[in-house]
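A note on names: the letters A, B, ... follow the listed sequences, proteins ahead of strands, and every chain is numbered from 1.
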Amino acid sequence: MSDKIVLIDGNSIINRAFYGVPDLTNSEGIHTNAIYGFINIMLKILEEEQAGYLTVAFDMKHPTFRHIKYPEYKGTRKGMPDELREQIPLLKEVLHAMGIRTVEKAGYEADDILGTIATRCSEQGMKVSLVSGDRDLLQLASDTILIRIPKTKRGGTEIENYNTAEVVEKYQVTPAQIIDLKGLMGDASDNIPGVPGIGEKTAAKILSAFETVENAYAHIDEVMPNKARESLREHYDLAVLSKDLATIKVDCELEYTLEEAKMPSLFTPEAFALFKRFEFKSLYNKFEGDVSRNDKLEEKFIEVTSKEEAEKIFQSILALKEARDLKELVTDGISTDRVGLMFACLEGTIVGVAVTYSEDTCYYLSANEVVSVEYILEQVNTIIEENIMLSAVSLKEMLPYIQATSTSKIYDMGLASYVMNPLKDTYHYDDIARDYLEITVPSREELFGKTKEKEVFENQKEVYKNFICYHSYIAYLALEKLSTQLYEANSLELFVDIEMPLIYTLYDMECRGIRVNKEALKEYGDQLEVRIKELEKKIYEHAGEEFNINSPKQLGIILFEKLHMPFAKKTKTGYSTSADVLEKLRSEDPVIDEILEYRQLTKLKSTYADGLATYIAEDNRIHGKFNQTITATGRISSTEPNLQNIPIRMELGRQIRKVFIPEDGYVFLDADYSQIELRVLAHMSDDERLIEAYKQEQDIHKITASQVFHTPLNEVTNAQRSNAKAVNFGIVYGISSFSLGQDLNITKKEADVYIKKYFETYPRVKEFLDNLVEEGKKNGYVTSLFNRRRPIPELSSSNFMQRSFGERVAMNSPIQGTAADIIKIAMIRTNQKLKDLKLKSRLLLQIHDELLIETHKDEIEQVANILKDEMQGAATLHVPLEVEVKQGNNWYEAK
DNA sequence: GTTCTCACG
DNA sequence: ACGTACGTGAGAACT
């Protein structure tokens, strides 16, 4: 063991890290940049040093703090930002998890503690490396004490190193004289005043002549230059005070032994758990491959191969009590009668199943000659039929294999985690285990690495078994915890009555898919191609050279440097060439119009014409995915492909909707909520005037214009109406006069007047929005009408921009979230009704406030009524929900 | 993998 | 003084 010790000034380094590393937050919204930066600096130093001992010291202020007698200096230090403050206890947690000795003592700053330890160690003949961002520490430098000051530079950390010689070279004074230097020149960053008029150069000169502040004063008449002499004469007390402030204690009484500071193993399972929570992905590989493996858990995963054993297991499961309502169970205490379920599945075929029905064991049944897939499925379906409670991690993916309906007693723990906190990126079994069970299990990535699932299955049977069993076991355990927490958050009904049934609706929609006219899509793409080629040629001619028009970088250079266009707006990396910038340049050069058109057409071609074509399946339909755990507000999202952003605003783009066609013998019915978000706002704010406006069932923007601009309804101009419309939108988004002004091309002041008038017209809306922000700040989250929570960590940010964002989110999320809740209810009911009535018509798409149904020609009127009734009746608000249903032979016609 | 741009509600 | 609309997903370019 080396007799070298590394000492770290915790406060100083975390402070450096905070300002040196760009803002990072994990998906819970916890700020992590300072912790991340600290750990990186520390690991870099430890790697270099190969020391035998390590200690991190922290400040701990105390009422009897020795500097309290000079409150005007040390006491007025600006408070640190909340984002940093919050990270300090978390950093300590990380350090302790890594086994690192930390020291803090009431009344001492970290540098006093470090000074003391460094001196003690040095006296024992050890080598000391003292890491701090604070140059005060340089007074401790010696031939055995190395002061290391990290600098965060672009592309990494560089460290300045100081023994005695380096201090002398850089400051022209000995380490011991550093305090005299500070006494004379002061230190603005540390609130040390120094002597006015004496800077670094003069101070060094004086000290080289007189060595100390006291000695200089004793020979005050000899001090040069004149200005410094007079200032020192007058401010000698200040110099002494400053010197005292700068002096680091080396004789603190500490209960500290070297034994405790022995270099720990650092990369422990506990540390790994925290690194995972903070999402320090680049540091995962520092841990030994299986540090995160929960071997004790894996001992509970039992593989079963014989038919007898399999039968016994299923019998035990079928002997469990029938499931009761989850809501009742939560208040009564959750029954242990439940089964965690996970299928092992390769290329659409089941190869096994894992079931857990006690916390002691998870059984893995690998399909084989005796325990066949058919047998397994039959048994699982019986369990479902018998109403035994099941818990899974990602139910939608299991639905192809089981016969479950929205009334089955199966609960999805991934979805439950989403309802608890919709801000996370993933809701895998390891996330659930970490967030709700406080246990660390290896993720898929850690188990499989880059090996394909099939290869793991074939070559690493044990790993594959564990992977499946973790799902089952975690699902089993999590049901109790998550349903309790959902209940406590008041969100259990949302989960049970809306989110869970919706899984089945979305699954139905995905299976059904939407029919596409392949040939028409091809034709559409070809037409675009022709026009794109023409535009390309023209643009090259105007530019005088060929370049990649799709490259913002190249385009920016052509426009703003070669053609000298005005209004160049910069982005981080270069010129902005976005549509709104180009829009302002249209009068400058005809090439701008061509570029705008080119952009539009290439977008249509690549994303839609070509993009959609790759998703057309054998049945000539596109089976996109609807994701239920993506958005922060509760909306669903659509991927592979995104069917929620098919063009409509521009005619040319809109044409693409003609390729979406119904099955032969069917038509499309498309039903749209009219201004659902504004209606939700009217309801939630309970503003009489807004409610009244909606009850009149008239043009809301016009009514708003009439009231905001004090104009009789029939005299409202188009311009007034469109301004009012923009204000209405702004309100829903969490308005600011700046953005409204930008949107309407008016000044911030004028926009302010609009907003003021709007709020005068609808005073309860103002009250409502203010209350949301306040509620968000108080609770850390806001809620929709159906108790969907959205945490808003940004609201407690000290950064103006982030906090403002949080405020807008607080105003928008309950509105957007409630609208999302409502249409989800409508979807479930509509889909259910179509099934119950055994209709041929099927729900295909949801586009946030719109549902598209492929309707059999015999069912048009009936389905139109169902759609309208279920959508309008999904919620009873203080204002009516209006729905418009249209019919067409393609999606273009139906809108 | 990140950035820019743009399609939708 | 700060520097914005809220919520998404995809393709292309570039690092």
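- The R790(A) side chain lies nearest to dG7(C) when the options are dG7(C), dT15(C), dG9(C).
- Here the P atom of nucleotide dG7(C) and the CD atom of Q846(A) are 17 Å apart, to the nearest Å.
- When heavy atoms are screened at a 4.0 angstrom cut-off, T602(A) is found touching no nucleic acid atom at all.
- The side chain of D849(A) sits closest to dG9(B) out of dT5(B), dG9(B), dC6(C).
- Under 4.0 angstrom from either OP1 or OP2 of dA10(C) there lies no side-chain N or O belonging to N645(A).
- Checked against E597(A) for a salt bridge (charged side-chain N to carboxylate O under 4.0 Å, His left out), the options R531(A), K538(A), K603(A) give a single hit: R531(A).
- Counting non-hydrogen atoms under 4.0 angstrom, S551(A) reaches the backbone sugars and phosphates but no base.
- Residue contacts for A632(A): at a heavy-atom cut-off of 4.0 Å it reaches the sugar-phosphate backbone alone, with no base atom in range.
- Taking every side-chain heavy atom of Q816(A) into account, dC6(C) is the closest of dT4(C), dC6(C), dG11(C).
- Going from atom CD of Q628(A) over to atom C1' of dT8(C) covers 16 Å, rounded to whole Å.
- Residue-level contact check: E850(A) touches neither bases nor backbone, having no heavy atom under 4.0 Å from any strand.
- In this structure, K396(A) forms no cation-pi arrangement with Y507(A), as its terminal cationic atom is not both closer than 6.0 Å to the ring centre and no more than 45° off the ring axis.
- Side chain R649(A) to base dG9(B): a donor-acceptor pair is found below 3.5 Å.
- The distance between atom CG of N550(A) and atom C1' of dC6(B), rounded to the nearest whole Å, is 12 Å.
- For dT4(C) and dC4(B), the P atoms lie 12 Å apart once the distance is rounded to whole Å.
- For Q554(A), taking side-chain heavy atoms from C-beta onward, the closest of the listed nucleotides dC14(C), dG7(C), dC2(C) is dC14(C).
- Atom CD1 in I815(A) sits roughly 18 Å away from atom P in dA5(C) (whole-Å rounding).
- With dT5(B), dC6(B), dA13(C) as the candidates, the nucleotide lying closest to the side chain of N548(A) is dA13(C).
- Rounded to whole angstrom, the span from the CD atom of E677(A) across to the C1' atom of dG7(C) amounts to 9 Å.
- Cation-pi geometry between R790(A) and Y781(A) is not satisfied (NZ or CZ under 6.0 Å from the ring centre, within 45° of the ring normal).
- Backbone-only contact: S576(A) has heavy atoms under 4.0 Å from sugar-phosphate atoms and none from a base.
- Summarising the geometry, the separation between CG on N642(A) and P on dT8(C) is reported as 12 Å, rounded to the nearest angstrom.
- Taking every side-chain heavy atom of Y733(A) into account, dA5(C) is the closest of dA7(B), dA5(C), dA13(C).
- Residue contacts for A579(A): at a heavy-atom cut-off of 4.0 Å it reaches the sugar-phosphate backbone alone, with no base atom in range.
- L604(A) comes within 4.0 angstrom of no nucleic acid atom, judged by non-hydrogen atoms across all strands.
- Pairing for dA1(C) is absent, judged as Watson-Crick or G-U wobble with the two contacts each under 3.5 Å.
- The only option from R635(A), R788(A), R789(A) that meets the salt bridge (charged side-chain N to carboxylate O under 4.0 Å, His left out) definition with D821(A) turns out to be R788(A).
- Side chain R635(A) to base dT8(C): no donor-acceptor pair is found below 3.5 Å.
- The phosphate of dC6(B) (OP1 or OP2) has no side-chain N or O of T607(A) nearer than 4.0 angstrom.
- Between H848(A) atom NE2 and dT8(C) atom P the separation is 10 Å, expressed in whole Å.
- A perpendicular orientation is assigned to the rings of Y427(A) and Y418(A), their planes being inclined by more than 60° (bins at 30° and 60°).
- In the set dG9(B), dG9(C), dC2(C), the nucleotide with an atom closest to the side chain of I847(A) is dG9(B).
- Salt bridge status for K522(A) with D526(A): present, with a side-chain N to carboxylate O gap under 4.0 Å.
- Checked for salt-bridge contact, D770(A) and K766(A) meet the test: a charged N lies under 4.0 Å from a carboxylate O.
- With C1' as the reference atom, dG3(C) and dA7(B) are 25 Å apart, rounded to whole Å.
- A donor-acceptor contact under 3.5 Å is not formed by the side chain of T631(A) with the base of dT8(C).
- Nucleic acid contact class of A810(A) (heavy atoms, under 4.0 Å, all strands): none.
- Judged by distance alone with a 3.5 Å cut-off, no donor-acceptor contact links the side chain of K553(A) to the base of dC14(C).
- Distance alone, capped at 3.5 Å, is enough to place a donor-acceptor pair between the D687(A) side chain and the R764(A) backbone.
- Taking 4.0 angstrom as the limit, R808(A) places a side-chain polar atom (N or O) nearer than this to OP1 or OP2 of dC6(C).
- Atom CG in L852(A) sits roughly 15 Å away from atom C1' in dC8(B) (whole-Å rounding).
- Judged by distance alone, with hydrogens and angles left aside, D743(A) brings a side-chain donor or acceptor within reach of the base of dA5(C), the pair sitting under 3.5 Å.
- Note on G734(A): nothing from the nucleic acid sits closer than 4.0 angstrom, heavy atoms only.
- With dA10(C), dG9(B), dG7(C) as the choices, the nucleotide that has an atom nearest any side-chain atom of T639(A) turns out to be dA10(C).
- Among the protein residues, F805(A) comes within range of the sugar-phosphate backbone only, with heavy atoms under 4.0 Å from sugar or phosphate atoms but none that close to a base.
- Picking from dG3(C), dG11(C), dA7(B) the nucleotide with the shortest atom distance to the side chain of S606(A) gives dG11(C).
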